[in-house]
There are 2 protein chains.
Amino acid sequence: MTQNRIIKICIVEDDALILKSLQMVLNQAEGYAVTGTFFSAEAALENLKEHHPDVLLLDIDLPGISGIEAIPRLKKLQPELNIVMLTVHDESELVFAALRKGAVGYLVKGSTSKYLLQGISEVIEGGAPMSPSIARAVIASFAPKTETVLTDREVEVLEKLSNGTNNKQIAEDLFVSTNTIKAHIKNIYKKLHVHSRAEAVTKAIKKGLI
Amino acid sequence: MTQNRIIKICIVEDDALILKSLQMVLNQAEGYAVTGTFFSAEAALENLKEHHPDVLLLDIDLPGISGIEAIPRLKKLQPELNIVMLTVHDESELVFAALRKGAVGYLVKGSTSKYLLQGISEVIEGGAPMSPSIARAVIASFAPKTETVLTDREVEVLEKLSNGTNNKQIAEDLFVSTNTIKAHIKNIYKKLHVHSRAEAVTKAIKKGLI
DNA sequence: GTCCAAATCACCCATCTGGGTAATGGTATG
DNA sequence: CATACCATTACCCAGATGGGTGATTTGGAC
């Protein structure tokens, strides 16, 4: 059982007060030890390999490299690392993004010690601490597989969308029917989690898809 | 009248043959004198102040700093300078861009002497030598004034658009009616020369407006 | 050989969008 | 004070969009 050994935890949090508070709660609890703390994602990335924690608590909103951006980099250093996000409110957008990057769950800052410890033990036992609404979104998202990767055809359509081209014209440009274009657009929306051309274009540009 | 004195002309043209030809035509004509010639925009920028021409003939397609790029810099050195572009074919895109930068007209290389002299005298008299199609584009473009600068409110609406928010929701967010939002969007479209949300968003992001 | 995803196409329908036209009050700028 | 621009609102209308459901074909993965 995991209870037979001490769970090593590292924390990345720019707010010194919150960090101290978390550290105290965890160190006082049976079976947990905070073995490293960092004030930035950059610092964590540089020193993670020296700590090899079982769990990493990662602030979602860090200055510089954000928590979300840091996830893939941290995972690269220690692939099996359990990353748990720290967030003020459970804003589904950000948390969702973090989970998609590889975080296993999240904890809300300022919760009770009991809640925090329960969340971490949940992670150690292979669980994923999160609210029901987030859980639902995750299920819905990962069920249709496809990891936000658009097909070549979809990217092609997306580029047309960004130029303000309408379905009819796109259909003519690509030598297919407007129904096909509609089908592609629907798939793009599903994959990008958007509901309009404008939103799809924004997301695509900001993600560098087009 | 302008006919009472000699019109000083400078020419920027990288093709030596064309430059010589222009120089000859103008020097032989009554009332005109080519007082300086340059093979590049860089050379013109360095020496313009020594010449103070009435008219500058500027090749649109120069190596290094292009004719179009040179316009604002030349204008900075001599604000009231009449810049006339020299172009091989009257490609509306380039000519249009030049006019937007402050050129007063353009002449097609290889035209007859009569045409060239007429164009330059037109400039001196406050006219703008250009083809009807270019003229129409210019009218259409400069009529709605406001040089792609959006008002604060419009930027606000644009940001909502980029999030895929629909008119009704934007209206609620900004505490106004949907009709107002529609009006703002129409104005945004006019200013950005676009016809859809997706296109507006693309342009706005690429221009750094949002 | 079977399964699956990608690409193709169809039909329906409520709602939204884009474009045209017009008007009002407020606030600068001249 | 007049003109200009901004923000605001209204009405109309054709056409486009977003969403739901369902189907076929083809080519690669297992």
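In what follows, chains are A, B, ... by sequence order, proteins preceding strands, each numbered from 1.
- In this structure, A:L107 and A:Y115 approach most closely via the heavy-atom pair CD2-CE2, 4.0 Å.
- Each of B:H184 and A:T165 was assigned the nucleotide of DNA chain D with the nearest heavy atom; the assignment lying further toward the 5' end belongs to B:H184.
- Side-chain contact between B:L19 and B:F39 is present, with at least one heavy-atom pair separated by less than 4.5 Å.
- Partner of A:K160 under the side-chain contact (heavy atoms from CB on, under 4.5 Å) criterion, chosen from A:I185, A:I181, A:I170: A:I170.
- Regarding contacts with the backbone of C:dA7, a side-chain N or O of A:T151 is found under 4.0 angstrom from either OP1 or OP2.
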Using a 4.0 Å cut-off on protein heavy atoms (strictly under), produce a 5'-to-3' string for nucleotides 10-16 of chain C with B for base contact, S for backbone-only sugar-phosphate contact, and - for none.
BBB---S
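- Rounded to a whole Å, the CG atom of A:L192 is 15 Å from the C1' atom of D:dG18.
- B:L174 has its CG atom 12 Å from the C1' atom of D:dA7, to the nearest Å.
- Rounding to whole angstrom units, CZ of residue A:R153 and C1' of D:dT26 are separated by 14 Å.
- Put simply, the side chain of B:K203 never gets that close to the backbone of B:V194: no donor and acceptor are under 3.5 Å apart.
- Note: CZ (B:F175) to C1' (D:dA7) measures 16 Å, nearest angstrom.
- Residue B:Y189 places at least one side-chain N or O under 4.0 Å from the OP1 or OP2 atom of C:dG18.
- Between B:H184 and B:Y189, the ring centre distance reaches or exceeds 6.0 Å.
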Could you walk me through whether B:Q169 and B:D173 satisfy the side-chain hydrogen bond (donor to acceptor under 3.5 Å, both in side chains) test, starting with their C-alpha distance in whole Å, then the side-chain angles of each, then the deciding distance to 0.1 Å, before giving a yes or no?
CA-CA 6 Å; B:Q169 188 59 53; B:D173 291 354; 2.9 Å; yes
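- With rounding to the nearest 0.5 angstrom, the CD atom of B:E13 is 4.5 Å from the CD1 atom of B:I18.
- Protein atom NZ of A:K190 is 9 Å distant from nucleotide atom C1' of D:dG19, rounded to whole Å.
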Quick one, give me the B/S/- string for nucleotides 24-30 of chain C, reading 5' to 3', where B means a protein heavy atom under 4.0 Å from the base and S means that only happens at the primed atoms, P, OP1 or OP2.
-------
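- Between B:H195 atom NE2 and D:dT17 atom C1' there is a gap of 18 Å when expressed in whole angstrom units.
- Taking atom CD of B:E199 as the reference point, atom C1' of D:dT17 lies 16 Å away to the nearest angstrom.
- Across the protein-nucleic acid pair, A:E154 atom CD and C:dA6 atom C1' stand 8 Å apart, rounded to whole Å.
- Interatomic distance, CG of B:L192 versus CG of B:L158, reported as 6.5 Å (0.5 Å rounding).
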Carefully, step by step, assess A:D59 and A:K109 under the rule salt bridge (charged side-chain N to carboxylate O under 4.0 Å, His left out).
CA-CA 9 Å; A:D59 186 7; A:K109 295 180 193 176; 3.0 Å; yes
